[in-house]
Amino acid sequence: MTSVDLDPAHRPLLEEIERYYDAVPRTAARVEDFGPLSLFVRDGEGWPYYARPALGHGGPAATAEDVRRVLARQRELGVPEAFEWVAEHDPLLRAAVEEAGLVVHEHPLLVLGPDDASDAPAPAVAEGVSVRVLAADDPDLASAATVAHLAFAEPGTGLGAAGTEELALAAEKSAADGAVARIAGRITAGATVLAAAVQDGSALCAGQHNPVGAVTEVAGVGTLPSARRRGLGLAVTAALVAHARANGVRTVFLSAADEDVARIYRRLGFRPFATALIAEPAEA
């Protein structure tokens with residue numbers, strides 16, 4: 001994969017997304033300053049964050065030594081050694097992180113900007129499946145908050161082994177360790193919107209968007225491995241986009257796992273815009 005040639009006219013949209021990337025972790029993390037880099041450290045339990053370019057940094061680009069200083073701090077904190085950024089915004093960072101020993105993974109970044117149509121018809125789902133945005137007290141919240149973990153544990157788009165029985169057990173664990181309460185709190189605060197495809201009281205697919213002003217990212221869309229190949233991920237994404245647009249969001253974007261997945265999202269009007277990069281140790 002190569003980075004997308006960015007039209008200079010799209011630079012304001014890239015800067016808008018960059019500000020979003022800096023703002024989102026701040027709702028649940030503190031920021032440690034490393035000059036050209038910022039390290040986000042989660043406060044309390046939950047998915048750990050990462051390091052990324054410091055917003056508005058006007059000095060020299062980050063060097064491999066800057067990256068090593070952040071890595072040492074991440075090891076000290078016991079958090080994943082991870083960096084995330086947009087290739088087109090910080091093109092020099094890749095060489096620095098690779099020199100520091102990390103492996104870089106590329107993911108297509110797609111966008112529905114203010115001028116992009118988002119009126120594609122909602123994908124049809126099987127009878128008995130409802131696709132909806134969940135409230136914080138929804139009885140299906142536990143399975144919806146958990147299904148993506150099973151999905152990402154069996155990556156790919158082919159049918160997998162994990163089904164509703166495994167999901168029920170995992171949802172019980174998520175409720176017991178406070179993960180469901182945390183997502184409920186974010187829903188109540190308006191920081192996260194969770195949508196799911198539900199059948200017989202079990203979420204077969206779920207995903208979220210996390211609005212900051214007029215920008216949001218669709219993230220964590222995952223389908224129960226045994227329920228794949230039914231168009232559920234696309235239907236959930238469509239519901240999230242519809243919710244975002246109905247609530248004043250002008251720019252919706254997402255990062256796809258690969259080009260095959262990106263083609264699926266294009267059916268909803270998303271267009272290739274840039275390249276999201278994730279760097280981590282080779283053993284990860």
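Along the sequence shown, the residues carry numbers beginning at 1. What you see is a predicted model; the values in this text were computed from it and never measured. FYI, side chains are in, hydrogens and waters are out, and symmetry mates aren't considered; it's all heavy atoms of this structure.
- The salt bridge (charged side-chain N to carboxylate O under 4.0 Å, His left out) test applied to Arg73 returns Glu32, Glu76, not counting sequence neighbours.
- When hydrophobic clusters are built by joining Ile, Leu, Val, Met, Phe, Trp and Tyr residues whose side-chain heavy atoms come closer than 4.5 Å, directly or via intermediates, Phe83 is not grouped with Phe40.
- Below 30°, between 30° and 60°, or above 60°: for Tyr265 and Phe270 the angle between ring planes is above 60°, a perpendicular geometry.
- Applying the 6.0 Å contact sphere to CD of Glu65 captures more than 12 heavy atoms from other residues, nucleotides or ligands.
- Going from atom CG of Leu71 over to atom CG of Leu37 covers 9.5 Å, rounded to the nearest 0.5 Å.
- The cluster map of Ile, Leu, Val, Met, Phe, Trp and Tyr, joined by side-chain heavy atoms under 4.5 Å apart, puts Val198 and Leu194 in different clusters.
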*Which is it for Leu159 and Ser226 under the side-chain contact (heavy atoms from CB on, under 4.5 Å) test, yes or no, and what are the steps along the way?*
CA-CA 5 Å; Leu159 288 174; Ser226 64; 5.8 Å; no

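- One distance of note links NE2 of His209 with CZ of Phe253; it measures 12.5 Å at 0.5 Å rounding.
- Between Glu106 and Glu259, every side-chain heavy-atom pair lies at or beyond the 4.5 Å cut-off.
- Taking each heavy atom of Trp85 and Asp90 in turn, the nearest pair found is NE1-O, 3.4 Å.
- Nearest heavy atoms, Arg245 versus Gly113: NH2-O, 3.1 Å.
- Scanning all heavy atoms of the two residues, the minimum distance from Gly158 to Arg229 falls at CA-NH2, 3.7 Å.
- For Ala23 against Val212, the heavy-atom pair with the smallest separation is CB-CG1, 4.1 Å.
- Side chains of Thr223 and Arg230: a donor-acceptor N/O pair is absent below 3.5 angstrom, by distance only.
- Within the 4.5 Å cutoff, no side-chain heavy atoms of Leu150 are placed close to those of Glu154.
- The hydrophobic cluster containing Phe273 does not contain Leu277, counting ILVMFWY residues as joined when their side-chain heavy atoms lie under 4.5 angstrom apart, directly or transitively.
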*Please report the C-alpha distance between Leu234 and Val236 in whole Å, then the side-chain angles of each, then the deciding distance to 0.1 Å, and finally whether the side-chain contact (heavy atoms from CB on, under 4.5 Å) criterion is met.*
CA-CA 5 Å; Leu234 198 63; Val236 166; over 6 Å; no

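- Between Ile187 and the choices Val133, Asp138, Leu141, the side-chain contact (heavy atoms from CB on, under 4.5 Å) rule is met once, by Leu141.
- The shortest distance between side-chain heavy atoms of Thr251 and Pro114 falls below 4.5 Å.
- Checking Ser202 against Thr164 by side-chain atom types alone, no donor-acceptor pair falls below 3.5 Å.
- Across Gln208 and Leu240, no two heavy atoms sit closer than the pair N-CD1, 3.6 Å.
- No side-chain heavy atom of Asp260 sits under 4.5 Å from any side-chain heavy atom of Thr157.
- Applying side-chain hydrogen bond (donor to acceptor under 3.5 Å, both in side chains) to Thr275 and the options His107, Glu88, His89 leaves one that passes, Glu88.
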*Please step through side-chain contact (heavy atoms from CB on, under 4.5 Å) for the pair Leu55 and Tyr21, ending with a clear verdict.*
CA-CA 9 Å; Leu55 184 68; Tyr21 272 133; over 6 Å; no

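- Taken together through direct or relayed side-chain contacts under 4.5 Å among Ile, Leu, Val, Met, Phe, Trp and Tyr, Val249 and Leu254 form part of one hydrophobic cluster.
- Annotation for Pro25 and Tyr50: closest pair CG-OH, 3.6 Å, computed over non-hydrogen atoms.
- The ring pair (Phe, Tyr, Trp, His ring centres under 6.0 Å) analysis of residues 179-198, with sequence neighbours excluded, yields no pairs.
- Taking CD from Glu84 and OG from Ser255, the interatomic distance works out to 8.0 Å, rounded to the nearest 0.5 Å.
- Atom CG of Leu112 is separated from atom CZ of Arg250 by 13.0 Å, given to the nearest 0.5 angstrom.
- By the rule that hydrophobic residues join a cluster once side-chain heavy atoms approach within less than 4.5 Å of another member, Val104 and Leu102 end up as members of one cluster.
- Side-chain contact check for Asp66 and Thr63: at least one donor-acceptor pair (N or O, by modelled atom type) lies under 3.5 Å.
- The salt bridge (charged side-chain N to carboxylate O under 4.0 Å, His left out) test applied to Arg75 returns Glu81, not counting sequence neighbours.
- The closest side-chain heavy-atom distance from Val103 to Pro281 is not below 4.5 Å.
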